[in-house]
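Written below as structure tokens is the structure these notes are about.
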Amino acid sequence: MSGWSAKDIPDQSGRTAVVTGANSGLGYVTARELARRGARVVLACRSEARGTAAGDRLVTEVPGAEAEFARLDLADLASVRDFTRTFPYDRLDLLVNNAGVMALPYGTTADGFETQFGVNHLGHFALTGLLLPVLLDTPGARVVTVSSGMHALANIDLRDLNSERRYRRWIAYARSKTANLLFTHELARRLAAHGADVVAAAAHPGYAATNLQETGPRMAGRRLVERFMAVGNRFFAQSAEAGALPLLHAATAPDVPPDSFTGPSFAGRRGSPGPSWRAPWTVDDRAGELLWTASERLTGVAYDLLKT
């Protein structure tokens, strides 16, 4: 994997991909590079204006690209259901669960979930489950869920998934990213038990310059922190193009193992894609099963096709 770059992405002609949060940052780069290699890409974004503008920009940068916007608000399960109900294709080769929020002030989604847990985990859990039939019908499909090295700050609290007892923005973020890895672990286990050839894998960008770092402080009115994050993005972070490489590797490279976690190879922060360290609690079978059960109950989305 040493030196792997976007030029190493295999031909994606005839393949269909959905990338959540594809209007900017990692999601946009991921969608653009998949389209550059021939994939038909659905940019699944909350804002119609930003999503449409991203699609226009993409086809300008990649003439002849097949790219389209579809509205998806992961903070609203009704929107998730609308997106999946109107999904127009009979194949889905790649689902990139990329969209996310980070270190926001306390808030709740349309369905009453703590925002970071609701968007980062539950929204993608519901999306994947509702798209499962078409994923299972597509030979060699993959589900790539974007986590973070920050998951190491905290395990999930199964007694307080929505941080109702105490809310600490960075701990809540870390727990949502741990949930992403536990979801990948349990999904991979259930797919294997079902005999499906869908690969569930995870990836993270290391320290990449996106608008994610500045949004939380801006929403909280913490201007000094917002400026600090902007300085970090400018002088210390790698680019969104580099940060997207682990996602693209997990999505397209041959022989990506189920339940793998791909990130930058240099100290987990920058460099070419490689296997990434993950906290031991993210491969805990019992925790994965309990989180799965809770997620089905909270979202109302049951993965019936993977039940034995």
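FYI, the numbering just counts along the sequence from 1.
Proximity of a side-chain donor or acceptor of K177 to a complementary backbone N or O of V146 within less than 3.5 Å is detected. Side-chain atoms of Q116 come within 3.5 Å of backbone N or O of A103 as a donor-acceptor pair. With hydrogens and angles ignored, the 3.5 Å screen pairs a side-chain donor or acceptor of S239 with a backbone N or O of A242. Of the possible donor and acceptor atoms, none in the side chain of T184 sits under 3.5 Å from a partner among the backbone N and O of D259. Panel note: side chain D160, backbone R165; a donor-acceptor pair is recorded below 3.5 Å. Although no hydrogens or angles enter the test, the distance criterion places a donor-acceptor pair under 3.5 Å between the side chain of R142 and the main chain of A250. The main-chain N or O of V256 is never found under 3.5 Å from a side-chain atom of S260 such that the two would form a donor-acceptor pair. A donor-acceptor pair is defined here as one N or O able to donate and one able to accept, closer than 3.5 Å; such a pair exists between the side chain of D73 and the backbone of A75. Checked by atom type and distance alone, the side chain of T109 never pairs as donor or acceptor with a backbone atom of D76 at under 3.5 Å. Without hydrogens or angle criteria, E66 side chain to G64 main chain gives no donor-acceptor distance under 3.5 Å.
Residues A22 and A31 approach most closely at CB-CB, 4.2 Å, considering heavy atoms. Between P205 and S147, the shortest heavy-atom contact is CD-O, 4.1 Å. In plain terms, the two heavy atoms of A17 and L34 that are nearest each other are CB-CD1, 4.0 Å. Across P139 and D93, no two heavy atoms sit closer than the pair O-OD2, 4.4 Å. Heavy-atom minimum distance, L247 versus G243: CD1-O, 3.7 Å. Across every non-hydrogen atom of A240 and L26, the tightest pair is O-CD2, 3.7 Å.
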Decide side chain to side chain contact (heavy atoms under 4.5 Å, CB included) for S24 and R50; before the verdict, give the C-alpha distance in whole Å, the side-chain angles of both, and the deciding distance to 0.1 Å. CA-CA 8 Å; S24 65; R50 290 193 293 270; over 6 Å; no
Assess the residue pair F125 and F117 against the criterion (ring pair (Phe, Tyr, Trp, His ring centres under 6.0 Å)); give the C-alpha distance rounded to whole Å, side-chain angles, the decisive distance to 0.1 Å, and a yes or no. CA-CA 11 Å; F125 179 91; F117 181 67; 9.8 Å; no
Hey, mind stepping through Y28 and E61 against side chain to side chain contact (heavy atoms under 4.5 Å, CB included) and telling me if it holds? CA-CA 12 Å; Y28 175 78; E61 294 184 12; 3.3 Å; yes
Working note: E296 + K307, criterion salt bridge (charged side-chain N to carboxylate O under 4.0 Å, His left out); need CA distance, chi angles, decisive distance, verdict. CA-CA 12 Å; E296 286 193 327; K307 295 190 185 301; 3.6 Å; yes
Passes side-chain hydrogen bond (donor to acceptor under 3.5 Å, both in side chains), T282 versus H151? Steps please. CA-CA 9 Å; T282 67; H151 81 274; 4.9 Å; no
Dump the intermediate steps for side-chain hydrogen bond (donor to acceptor under 3.5 Å, both in side chains) on T145 and N97, then the final yes or no. CA-CA 5 Å; T145 300; N97 291 324; 3.2 Å; yes
Is there a salt bridge (charged side-chain N to carboxylate O under 4.0 Å, His left out) between R37 and E33 once you walk through the steps? CA-CA 6 Å; R37 298 299 295 147; E33 296 309 312; over 6 Å; no
Stepwise side-chain hydrogen bond (donor to acceptor under 3.5 Å, both in side chains) check, R40 with T16: CA-CA 5 Å; R40 174 173 55 197; T16 299; 2.7 Å; yes
Please test V101 against T115 for side chain to side chain contact (heavy atoms under 4.5 Å, CB included), starting from the C-alpha separation and ending with a verdict. CA-CA 8 Å; V101 292; T115 302; 4.3 Å; yes
Could you go step by step and tell me if V96 and V18 meet the side chain to side chain contact (heavy atoms under 4.5 Å, CB included) rule? CA-CA 6 Å; V96 182; V18 169; over 6 Å; no
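Put simply, F113 and L182 are part of the same group of oily side chains (I, L, V, M, F, W, Y) that touch within less than 4.5 Å, one to the next. Linking ILVMFWY side-chain heavy atoms closer than 4.5 Å, directly or via other members, places L305 and L130 in a single hydrophobic cluster. Cluster annotation: F83 and V119 are assigned to the same hydrophobic cluster (Ile/Leu/Val/Met/Phe/Trp/Tyr, side-chain heavy-atom contacts under 4.5 Å, transitive). Both L136 and V143 are part of a single hydrophobic cluster, where members link through side-chain heavy atoms under 4.5 Å apart. Linking ILVMFWY side-chain heavy atoms closer than 4.5 Å, directly or via other members, places L181 and L127 in two distinct hydrophobic clusters.
A salt bridge links D157 to R159: at least one charged side-chain nitrogen sits closer than 4.0 Å to a carboxylate oxygen.
Between S148 and Y173, the closest side-chain pair of non-hydrogen atoms falls below 4.5 Å. Considering only heavy atoms from C-beta on, T60 stays 4.5 Å or farther from R57 through its side chain. In this structure, V62 and R32 have side chains that are in contact, with non-hydrogen atoms separated by less than 4.5 Å. Residues L191 and D197 fail the side-chain proximity criterion, which asks for heavy atoms closer than 4.5 Å. Residues L298 and L122 are in side-chain contact: their nearest non-hydrogen atoms beyond the backbone lie under 4.5 Å apart.
Classification of the H249-W4 ring pair by plane angle, with boundaries at 30° and 60°, yields perpendicular. Using cut-offs of 30° and 60° for the angle between ring planes, the F261 and H204 rings count as tilted. Note on ring orientation: taking the six-membered ring where Trp is involved, the planes of F87 and Y89 are perpendicular (angle over 60°, cut-offs 30° and 60°).
Between atom CG of residue N23 and atom CZ of residue R46 there is a gap of 8.5 Å, rounded to the nearest 0.5 Å. Here the OG1-CG distance, from T20 to N98, works out to 5.0 Å after rounding to the nearest 0.5 Å. Taken from SG in C45 to CG in L72, the straight-line distance is 8.5 Å, to the nearest 0.5 Å. The distance from the CZ atom of F69 to the CG atom of L58 is 14.0 Å, given to the nearest 0.5 Å. Interatomic distance, CG of L187 versus CG of L306, reported as 7.0 Å (0.5 Å rounding). Note that CG of D56 and OG1 of T52 are 7.0 Å apart. Values are rounded to the nearest 0.5 Å.
Remark: E186 pairs with R189, R190 by the side chain to side chain donor-acceptor pair (under 3.5 Å) rule, at least two apart or across chains. Every residue was checked against the salt bridge (Lys or Arg N to Asp or Glu O under 4.0 Å) condition with R297, not counting sequence neighbours, and none meets it.
Looking only at atom types and distance, the side chain of H121 has a donor-acceptor partner in the side chain of S295 under 3.5 Å away. Residues D285 and H185 bring a donor and an acceptor atom of their side chains to less than 3.5 Å of each other. Side-chain contact, S176 with N120: a donor N or O sits under 3.5 Å from an acceptor N or O.
Because its NZ or CZ atom is not both nearer than 6.0 Å to the ring centre of Y106 and within 45° of the ring axis, R169 does not count as a cation-pi partner of that residue.
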